[in-house]
Structure formats: structure tokens, C-alpha cells
A.B. asks: 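Below are the C-alpha cells for one structure; questions will follow.
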Protein chains: 2
Amino acid sequence: MKPSVPNIRQVAEYAGVSVGTVSNVLNRPDLVAPSTRERVQAAIKELNFVRNDSARQLRAGRSRTLGLVVLDISNPFFTDVARGVEEIANHNGLAVIVCNSDDDTEKESSHLDLLNEMRVQGVLINPIEGSDKKIEMLREHGTPVVLFDRQAASEGECSVAVNDLLGGRQALTHLIDTGHQRVLFLSGPFHLRQVQERHEGAVAAVEASSTPLDLDVMTTPTPNVTTGRSAGDRIAAMPPSTRPTAVFCANDLLALGLLQALTHAGLQVPHDIAIVGYDDIDFAAAAAVPLSSVRQPRQQLGRTGAELLLDETTNPDHEHQQVTFEPELIVRRSSDLQRS
Amino acid sequence: MKPSVPNIRQVAEYAGVSVGTVSNVLNRPDLVAPSTRERVQAAIKELNFVRNDSARQLRAGRSRTLGLVVLDISNPFFTDVARGVEEIANHNGLAVIVCNSDDDTEKESSHLDLLNEMRVQGVLINPIEGSDKKIEMLREHGTPVVLFDRQAASEGECSVAVNDLLGGRQALTHLIDTGHQRVLFLSGPFHLRQVQERHEGAVAAVEASSTPLDLDVMTTPTPNVTTGRSAGDRIAAMPPSTRPTAVFCANDLLALGLLQALTHAGLQVPHDIAIVGYDDIDFAAAAAVPLSSVRQPRQQLGRTGAELLLDETTNPDHEHQQVTFEPELIVRRSSDLQRS
DNA sequence: ACCAGCTAATGAAACGTTTCATACAACCTA
DNA sequence: TAGGTTGTATGAAACGTTTCATTAGCTGGT
């Protein structure tokens, strides 16, 4: 059987109507008399007609897809966000193109080019430092862009974010309160705004405290489980006298890897070293030692982002908004000596 | 600044050449004299021209995207597969549209409709039972479909899968060898082929064994961490005399939830109950008690699937293949009394 | 001086929709 | 009966590319 792809003209012919009428049946059925409508619908079914979206969007000017660019699709934090986006998008008959930038400017750039060529309705992006020009370019072409997990720099754009400064402060305040004096910030690359701000928040908490506290930083190239593990190996190898008594991790993947390496090296969490993660992904609670973590409203982030984007595309008097959610520290065993 | 979207004609005018020449610069630069080529490229840059993909694909007949339909994007197993697919796709200048079916026929169906309208190059799908008609329809429209994580029913289609029967057998053989006599299969919905076959493999192992063994089944509606937790609550509530001594889970999410609930209820893993999961996602090794699990070559699955799909779209004498990988049981503490 | 064989560039047709101005009835109203 | 109104269907233009047959301008060989 040959791949038969009938077009709207053939449907029209088969049903004995004009092309315009078929289009009307498809797009504004109420403009068509019931009897003709049925005839056309029967023809569509009979011929197995499927509308060609390229042609439709060529005419319409825009496609029916949303672009979502994330740093790391393997990170459950981002899949949760993606779910939120998808929920809203599907609800409005839109598809989502998920792109993975892997914290690589080149990749991000080529993804954005592709999305631009596709004339997507809009783009939701967790931008890497320095991708502002590309984003500006998209905007100039009439594609709205909403920043997520990153506060907008100006009021001229939409963003959804979570207060990372506060999150960092919450984590460190907790560690200070539980008596730690040598804390390590296990960081991702500092060009990520999230990382910077979580660190900044941590520093602020230290400065606000009356008790003295050493806050060191160990940087990893990519914040995932594997790098967390090797950081853990290095930390475990430190002499107990200089080793940190608590580690605040830039995300939960690092924290999980760290936890695994420390345990493997025979160190007790939280007795020897306490750990606080970030994101509170589902796996944090299921970890070897249930992980304290700064919770972010993940799906909510995605939903709100998608809603802002849709509003910007459809609402003529859209007003740019910078939405910020508050994080919440969830204390579990990994940082709670009492409980363990 | 108004959203200015120049088209190829304006570029041609600006550069003082014909439309066809601009198109040639874009698609077959070697056919164009260097001096003109440069002039056109300058014009493109100057005007900020971005090719309109709808128009391009309307002419070309097919889009430059691949569709990937997965059961649950929150499951790291699937994101790893997605990474593999993306890797190959991006390498060939294609974008990937990731769709989440959530094990819901309606959702799957509407995703497939959308992909069909988009005239994607091909679809990689982990199909739900009973979606064969829709898939057949896509094929009739000339869209190749490759099944993944599911053996093709006939030789008339491509598929990449992992031998689930073998995986189930490996898990149970291991539990039999370590002396268990009351084992529970903590299952996902049985309409999923994967679930069926893992169970079948487990049964086969029991039948092949000389020692008697009870193999019960507990079914969950969706195999995720949450349902795993509630299953764990139920299991923990059973009297020790009838309670299973080992649980084989249909995937790692169930296993992680289960582990968490059992630990919370004060039961020791593996002493009171041993656990074996499936997929060996990265978090399995990082769990409260490192999880034994049947490992699948996740990224490989995605890569191979994408490659088959591309071959089917581009190679005129493509031959359908049914690729099957072998799983491998990774034993960790959750099922190893010796080690703990 | 003529033709053959190149390389470059051109212009128009085609892809499959949607949209919009128009046409035709049929029905009402004055 | 003329003029408006409403409901339905039509046909052609337009969207922005790619493709392909054609032409134009050279070079070199006879």
C-alpha cells in the first residue's frame, strides 16, 4: 500500500464541495450547513485525511508548538518543570519541544536557532549566562521568550523564578542553628545564576550570624550524581580536623552523589558530615539517608511559565510579569542529629 | 521596534540577486560563486533573516523533527532514553518532540494525531496496548514508526527492546539462589507488555527451579515512587508469617518507594525483606539501601532507536530490524544478606 | 567564426493550507 | 415589488520556501 496522503483539495472533490468549505469545516464548523458538514466529515474519514500543519502554519504565520530549553533533562527537577509546561501546553492544543542545552552555549544557541526557524509560539528557557543576545534576537523576530528559574533582568520581560537567595539563606541558617562551624558549599559552575545566588544567600546568612563560621566552596563542572560522588571522595580524604562538618549542595544530584561517596568511605551522615541539598526532587526523600533539601515548586514553575508565555502570545494587552516563588527548607535526617 | 521578519525575497532584493540564488546559498552554497555567496550572506546577516521552516517543509514534504512518545517522562529511565535519541537526532540536524502518554490511550492518541499533522520524519514510541491502529495509520501516511522497549509483533516493523523475559528470570533466579521462598512481584499495570514479560520471566525461573517457591503478585495502577510507598505500607502491615521475604519490582521507582516505606515501618532491608528493582536508574545505587536492579542499556536503547528511524527515513533499501539487548542483573545490598 | 561545454544565475511553478471578498439564494420588510 | 438581511458556499490570492528547466555569459577547441 502506497503512502497515500490526500490533501484538502481531494477531500473537497470527494465531498463535492469547494476547498474553502472543507477548510471551514475544519476551522469554523458552525459556518457550514449541517448536511454539508457531515458530508465533508465523512469524506475526511473515508480518505483518511490529515491536515498538513506546515501549510497551515505557513499561512497562519506561527506554529502550534512551544519550545522549552533546559539545562539538563536528566535532572528530575527539570522533568517536573517540563511536566508542568506540558500540562498547560497540551491543554491549549500545543506541543512542546524539549531541548537540552547541557549548559553548553553552542548547543543552546543551535537549539534556539532551530526554534526560531520553526516559528514556535514561544520559548521558555533557563538561560545560560551570556545567551542574552540570542534571546533578544528571538524576540525581535516576534517570538516571546519567558525566562524560568531565573529572575528577569529588566521589567521588559517575563520570568518565573524561585528566590534562590532565600533558599541559600535558609539552608545556611539551619546549619548555623544546628551548631556547624565548618561548612562547605558544593557548587555547580559559577556562571549559572542559580548557583551564584544560592551561594550569595549562604554567605548572607553567615554574615548575619553572630557565631563565626568558615564557608568554603568546592566547585564542580556539572552538578550531577557522578561529580557529586567524586567530590565526596575528595572530601572523605580530607583530615578530620579540616574537613567540613556540613555540606550545602547546589542541587540534589550533587547531594545524592556526595552522600553515596561519604557512606562508601565509612563516614556517617549526619554525624560526621551533615548534608543539605537543593530542589527536593522525589528521590531526595528516598535516599540512603533521607536528604534535607530546599524545596522548589517544580511543576508550578513550569505551569506558571507556560501560562505567562501563552498570555504573551494571545493577550494583546499582556503585561510583563516577574513571578517569584518562595523556597522551603525540608529538614530530614541528613542534617538532623536529633533524629538519627 | 516592530517584530521584523524579512523573507527570502527581501534578502534577494537587498543583495541584488534572485530568490533562487538565495535559496541556493542556503542549501547548496557550492553552486554559487564565492563573491555572490558572500554578498548574500552579508545580506542575511544584515537583515537578520531566519529561514521559515514551515515553508521549507511544506515544499519538502516532511518536517525536520522526530517524535518520541514515552510512558512517563518523570521516570529517569525514559529521560536517559530521550538523551540517546536526542544525541542522534541533533547530530543529524533534527529536533525531538517529546510527548508524554502517561499510560493513557487518549493522550497517546492525541499526541500521535499531532505528530501526524506535523508530518514528523518519524516516531519512536513505547506503545500502550491497543494503540496499533493509530500506529498503522501513521505508517499509511508515510511516517515510519519504530517501537522501543517493546519487541515488534511482526517482521514488518522496526523495534529496539531489551529482553524482559530474561530480566525477570535473572531477578528471580537470584532470589531463589539466595534462599527466598516467599516472593512478591510488585507489578505495574498488566496491560504493559514490559510488565507482563518481566512477570513471565519470573514465573519461568520459578518453574525451572527445584525448590518450591510462592510467587505472588501485587498490582499498582502506575509504577512510580508514590505507589511504591503505599504498596510498602501494605506489605509492612502483613503478619511476618505470610509476608514475602523478597520483593521483585517492575521498575526502580516502585522499588525506591517500597524501600522507603519499609524502612519507615522499621523493617530491615535486606534482612526482613530483600528488594530487586528494574532499570538500574542512577538513583538505584544511591538509595537508602543500594538497590539491586536489572540494568537496561538505556541510552543505547534511545540511540539505536533513533538510528533505525533515520535509516528507515533516508535509506531507500532499508530493512526492518528487531534489535534486542540483554539486561544484566546488578546485585547490591538490597538483596544481599552477605554484604550487609 | 562557430559550436560545445562549462559555470552562474534566473524566474516561475509548486507545496497545502487559510482567508476574504464575492456570489447566490431565500427570506423578510416596507 | 424593490431593497435589505441572513445563511451558505465559492474561488482566488497569499503565505515563504525549494526545485528545475532555462538562459546568459565565458572559455577553449576546431
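In what follows, every heavy atom counts, from backbone to side chain, and hydrogens, waters and symmetry copies are set aside. Naming: A, B, ... by sequence-line order, numbering from 1 per chain.
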A.B. asks: Test your reading of the model: is there a side-chain donor-acceptor pair from B:Asp102 to the backbone of B:Asp104, 3.5 Å cut-off?
C.D. replies: no
A.B. asks: Using the test ring-ring contact (aromatic ring centres under 6.0 Å, His included), find all partners of B:His91 that sit at least two apart in sequence or belong to another chain.
C.D. replies: none
A.B. asks: Applying the side-chain contact (heavy atoms from CB on, under 4.5 Å) criterion to A:Asp103, which one of A:Asn126, A:Asp72, A:Leu192 satisfies it?
C.D. replies: A:Leu192
A.B. asks: Quick test of your reading of the model: are A:Arg150 and A:Glu129 salt-bridged, counting only N-O distances below 4.0 Å?
C.D. replies: yes
A.B. asks: Could you state the atom-to-atom distance from CG of A:Asp53 to P of D:dG16 in whole Å?
C.D. replies: 17 Å
A.B. asks: Starting the side chain at C-beta, find the nucleotide from C:dT17, C:dA8, D:dA9 nearest to A:Ile8.
C.D. replies: C:dT17
A.B. asks: Between B:Asp30 and A:Ala55, which is nearer to the 5' end of DNA chain C once each is assigned its nearest nucleotide?
C.D. replies: B:Asp30
A.B. asks: If you compare every side-chain N and O of B:Arg51 against the phosphate oxygens of D:dT18 (OP1, OP2), does one of them come in below 4.0 Å?
C.D. replies: yes
A.B. asks: Send over the distance from A:Gln10 CD to C:dT17 P, rounded to a whole Å.
C.D. replies: 9 Å
A.B. asks: Tell me whether the OP1 or OP2 atom of D:dG16 has a side-chain N or O from B:Asn52 closer than 4.0 Å.
C.D. replies: no
A.B. asks: Could you grab the distance from atom CG of B:Asp80 to atom CD1 of A:Ile73, nearest 0.5 Å is fine?
C.D. replies: 10.5 Å
A.B. asks: Which of residues 15-28 of chain B sit near DNA chain D, with a heavy atom under 4.0 Å from it?
C.D. replies: B:Val19, B:Gly20, B:Ser23, B:Asn27, B:Arg28
A.B. asks: Closest nucleotide of DNA chain C for A:Ala60 versus for B:Ser35: which of these residues is on the 5' side?
C.D. replies: B:Ser35
A.B. asks: How many Å lie between CZ on B:Arg9 and P on D:dT17, as a whole number?
C.D. replies: 9 Å
A.B. asks: Send over the distance from B:Glu117 CD to C:dT18 P, rounded to a whole Å.
C.D. replies: 9 Å
A.B. asks: To the nearest Å, give me how far apart CZ (A:Arg62) and C1' (D:dG16) are.
C.D. replies: 14 Å
A.B. asks: Could you tell me how far apart A:Glu13 (CD) and C:dG16 (C1') are, to the nearest whole angstrom?
C.D. replies: 15 Å
A.B. asks: If the threshold is 4.0 Å, N to carboxylate O, is there a salt bridge linking B:Asp149 and B:Arg193?
C.D. replies: no
A.B. asks: Under 4.0 Å between any heavy atoms, over every strand shown, what does A:Ser54 touch: base, sugar-phosphate, or nothing? Just pick one.
C.D. replies: nothing
A.B. asks: Side chain of A:Arg59, heavy atoms from C-beta onward: which of D:dT17, D:dC15, C:dC15 has the nearest atom to it?
C.D. replies: D:dC15
A.B. asks: May I have the distance from A:Ile44 (atom CD1) to C:dG16 (atom P), rounded to whole angstrom?
C.D. replies: 16 Å
A.B. asks: Tell me: CZ of B:Arg56 to P of D:dT19, nearest whole Å?
C.D. replies: 8 Å
A.B. asks: Using a 4.5 Å cut-off on heavy atoms from C-beta on, say whether the side chain of B:Val160 contacts that of B:Phe325.
C.D. replies: yes
A.B. asks: Looking at B:Thr36, does any N or O in its side chain come under 4.0 Å of the phosphate oxygens OP1/OP2 on C:dA9?
C.D. replies: yes
